[in-house]
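To start, the structure under review is shown below, and the notes come after it.
We name chains A, B, ... by the order of the sequence lines, and we start the count at 1 in each one.
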There are 2 protein chains.
Amino acid sequence: MPGTSPDYAARLREAGLRPTRQRVALARLLFEGGHRHVTAEGLHADVRATRLPVSLATVYNALNQFRDAGLLREVVVAPGRSYFDTNTGHHHHFFVEPDGELHDFASDKVTIAGLPAPPKGTRLARVDVIVRVRR
Amino acid sequence: MPGTSPDYAARLREAGLRPTRQRVALARLLFEGGHRHVTAEGLHADVRATRLPVSLATVYNALNQFRDAGLLREVVVAPGRSYFDTNTGHHHHFFVEPDGELHDFASDKVTIAGLPAPPKGTRLARVDVIVRVRR
DNA sequence: AAGTAGTTTAGAACAATTCTAAAATCTGCA
DNA sequence: TGCAGATTTTAGAATTGTTCTAAACTACTT
């Protein structure tokens, strides 16, 4: 692929975030290759393996900022642990219990009919479908 | 209603749990009246208001045991906090952000079509639909 | 190159939950 | 009814995941 190495600095700047060394490193880990599901701890381990020292606090900060900027989506499936999904498009999840493995599935073939109207005074934000499966 | 006061002790015994004073008190709070959504902290506050001293650890123990026994269902909708639902039948949830309010809705009118098959080696356990709404 | 605002960091702090080991309570049985 | 033995409760410590603090550092502007 000619000249297609993604410019993470630019991508961060567009999102309103200064492209610091650690944010660029995290962005690279998150966005190169296919979609990923990460936890803060997991991403921290990954980035430290690249020999760039990044504190856990920075990983948390970055994940929250990336999510707020729309670069990531937070997925809540298990008590006491947050997952972040690099796939920000419409889709749903398989959650494999008790391992805690997450898999995306496309939502374009899924039809949900008969949902009640939102409680009054509220507007719909998103519909999450979590298909829980066991081994 | 003549003679219909529910026997929580019996209900607990059937579930394989010794009907201790604190479990009975918690069961009464949870199961009398309509369906409830509680957090450990919230239920703890409720039970202490009845003047029966029950430790927070016991509330956690009881909620986990009740869930394992099928008396409650755990609902994971927000990071860092577990809700327990006294409605154990098929239904789904509205979740009002950012308040953290939860509302049930019946699933019998909801149709979900086009779900992919579970990843191989797994069997379907449950499909959760969380309709996230905002004020 | 310097100033400044934004970022990173280690470590403390915090919140939710679980663990520990001792004291209290339930249950079956004599 | 009284006891023994198993289960439960409890206070407090421990653990886990996450956020905060305030000092050091770095990116951007001039």
Side-chain angles (χ1 to χ4, degrees), chain A residues 7-27 29 37-48 50-69 71-72 74-84 98 100 102, chain B residues 7-27 29 37-48 50-69 71-72 74-84 98 100 102:
Chain A
D7 184 347
Y8 295 110
R11 184 141 172 214
L12 290 170
R13 232 180 260 107
E14 277 158 34
L17 296 167
R18 260 194 208 180
T20 63
R21 223 178 295 122
Q22 20 299 293
R23 294 212 271 231
V24 171
L26 293 171
L29 284 172
H37 297 110
V38 302
T39 60
E41 288 284 355
L43 184 59
H44 187 227
D46 289 354
V47 75
R48 306 200 110 224
T50 70
R51 316 303 278 136
L52 170 69
V54 177
S55 76
L56 184 56
T58 295
V59 173
Y60 274 105
N61 289 338
L63 286 173
N64 288 330
Q65 293 152 351
F66 288 10
R67 176 204 52 215
D68 293 347
L71 266 33
L72 290 179
E74 189 168 4
V75 186
V76 182
V77 279
R81 166 167 257 116
S82 270
Y83 291 75
F84 290 86
L102 254 192
Chain B
D7 183 347
Y8 295 110
R11 184 138 169 217
L12 290 170
R13 233 180 262 107
E14 276 157 34
L17 296 167
R18 266 196 201 178
T20 64
R21 222 178 293 123
Q22 23 294 294
R23 294 212 272 231
V24 171
L26 293 170
L29 284 172
H37 297 109
V38 302
T39 60
E41 288 283 355
L43 184 60
H44 187 227
D46 289 354
V47 76
R48 306 201 110 222
T50 70
R51 316 305 277 134
L52 171 69
V54 177
S55 76
L56 184 55
T58 295
V59 173
Y60 274 105
N61 289 160
L63 286 173
N64 288 331
Q65 293 153 351
F66 288 11
R67 176 204 52 216
D68 293 346
L71 266 31
L72 289 178
E74 188 168 5
V75 185
V76 182
V77 279
R81 166 167 255 116
S82 270
Y83 291 76
F84 290 86
L102 253 195

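When the side-chain contact (heavy atoms from CB on, under 4.5 Å) test is applied to B:Val75, the partners found at least two apart in sequence or on another chain are B:Val77, B:Tyr83, B:Asp85, B:His93, B:Leu102. With sequence neighbours left out, A:Gln22 forms a side chain to side chain donor-acceptor pair (under 3.5 Å) with no residue at all. Under the rule for a side-chain contact (heavy atoms from CB on, under 4.5 Å), the partners of A:Asp46 that lie at least two apart in sequence or sit in another chain are A:Leu29, A:Arg36.
Rounded to whole Å, atom C1' of D:dT7 lies 11 Å from atom CG of B:Leu17. For the pair A:Arg13 CZ and D:dT29 C1', the computed distance is 14 Å after rounding to whole Å. We find that CD of A:Glu41 is positioned 6 Å from P of D:dG17, with the value rounded to whole Å.
Contact annotation: B:Thr20 side-chain N/O to D:dT9 OP1/OP2 distance is under 4.0 Å. Phosphate contact (OP1/OP2 of D:dT9, side-chain N/O of B:Arg23, threshold under 4.0 Å): present. For the OP1/OP2 pair of D:dT10 and a distance below 4.0 Å, the side-chain nitrogens and oxygens of B:Gln22 include at least one atom meeting the criterion.
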Query - Chi angles and distances behind the side-chain contact (heavy atoms from CB on, under 4.5 Å) call for A:Phe66, A:Arg23 - result: CA-CA 9 Å; A:Phe66 288 10; A:Arg23 294 212 271 231; 4.1 Å; yes
Residues 10-19 of chain B, side-chain donor-acceptor partners within the protein, below 3.5 Å, at least two apart:
none

N/O donor to acceptor pairs below 3.5 angstrom from side-chain atoms of residues 50-60 of chain B, sequence neighbours left out:
residue: B:Thr50; atom: OG1; partner: B:Val47; partner atom: O; Å: 2.5
residue: B:Ser55; atom: OG; partner: B:Thr58; partner atom: N; Å: 3.2
residue: B:Ser55; atom: OG; partner: B:Thr58; partner atom: OG1; Å: 3.1

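Within residues 58-67 of chain B, the residues that have a heavy atom under 4.0 Å from DNA chain C are, in order of number, B:Tyr60, B:Asn64. Near DNA chain C, meaning a heavy atom under 4.0 Å from it, residues 74-81 of chain A has no residue at all.
Extent of DNA chain C lying under 4.0 Å from chain B heavy atoms, first and last nucleotide in 5' to 3' order, is C:dA16 to C:dT27.
Between the NE2 atom of A:His37 and the CG atom of A:Leu72 there is a distance of 11.0 Å, given to the nearest 0.5 Å. Rounding to the nearest 0.5 angstrom, the gap separating the CG atom in A:Leu71 from the CG atom in A:Leu26 is 11.5 Å.
For B:Val54, the side-chain atoms get nearest to D:dT10 when compared with the rest of D:dT10, D:dT18, D:dC20.
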Protein N or O to nucleotides 22-25 of chain D N or O, pairs below 3.5 Å:
none

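At the heavy-atom level, A:Thr39 lies nowhere under 4.0 Å from the strands shown.
Among residue pairs with one or both ends in residues 57-68 of chain B, those qualifying as salt bridge (Lys or Arg N to Asp or Glu O under 4.0 Å) are B:Arg67-B:Glu74; sequence neighbours excluded.
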